[in-house]
Amino acid sequence: MSWGYAAYAAIMAALVVVYLRGVRSYGLDTKRIAVIALIWIGIIGGGYLLVSGVLGVS
């Protein structure tokens, strides 16, 4: 894994943590937060696959 991949993963993980802490302050239950986290994982993973496919990164 290159430094770019590690930096991307760290930034995306930090964004998810900050977002989930923010929604927790609105009183959402654990199940709803888990669904939101899975949606975020899908968005981030899909974005990664899209960008790596377009740029030809292997």
Side-chain angles (χ1 to χ4, degrees):
M1 179 186 295
S2 71
W3 286 105
Y5 289 129
Y8 179 81
I11 290 169
M12 292 302 112
L15 285 174
V16 170
V17 169
V18 169
Y19 178 78
L20 290 176
R21 289 189 71 176
V23 297
R24 184 73 155 167
S25 67
Y26 288 106
L28 296 175
D29 63 347
T30 305
K31 183 178 179 183
R32 182 73 178 147
I33 291 175
V35 170
I36 293 170
L38 288 174
I39 291 170
W40 271 95
I41 290 169
I43 291 169
I44 292 167
Y48 169 77
L49 291 175
L50 179 68
V51 169
S52 64
V54 168
L55 296 178
V57 178
S58 59

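Keep in mind it's a predicted model, so treat the numbers as computed, not measured.
With sequence neighbours left out, the side-chain contact (heavy atoms from CB on, under 4.5 Å) criterion links Ile11 to Leu15.
Criterion: ILVMFWY side-chain heavy atoms under 4.5 Å apart, direct or through other members. Under it, Ile44 and Leu38 are not part of a common hydrophobic cluster. When the side chains of ILVMFWY residues are joined at heavy-atom separations under 4.5 Å, either directly or via intervening members, Ile41 and Ile36 end up in two distinct hydrophobic clusters.
Using a 30° and 60° split on the angle between ring planes, Tyr8 and Tyr48 fall in the tilted class, from 30° to 60°.
When hydrophobic residues (I, L, V, M, F, W, Y) are linked wherever their side-chain heavy atoms come within less than 4.5 Å, the members clustered with Val35 are Ile39, Ile43.
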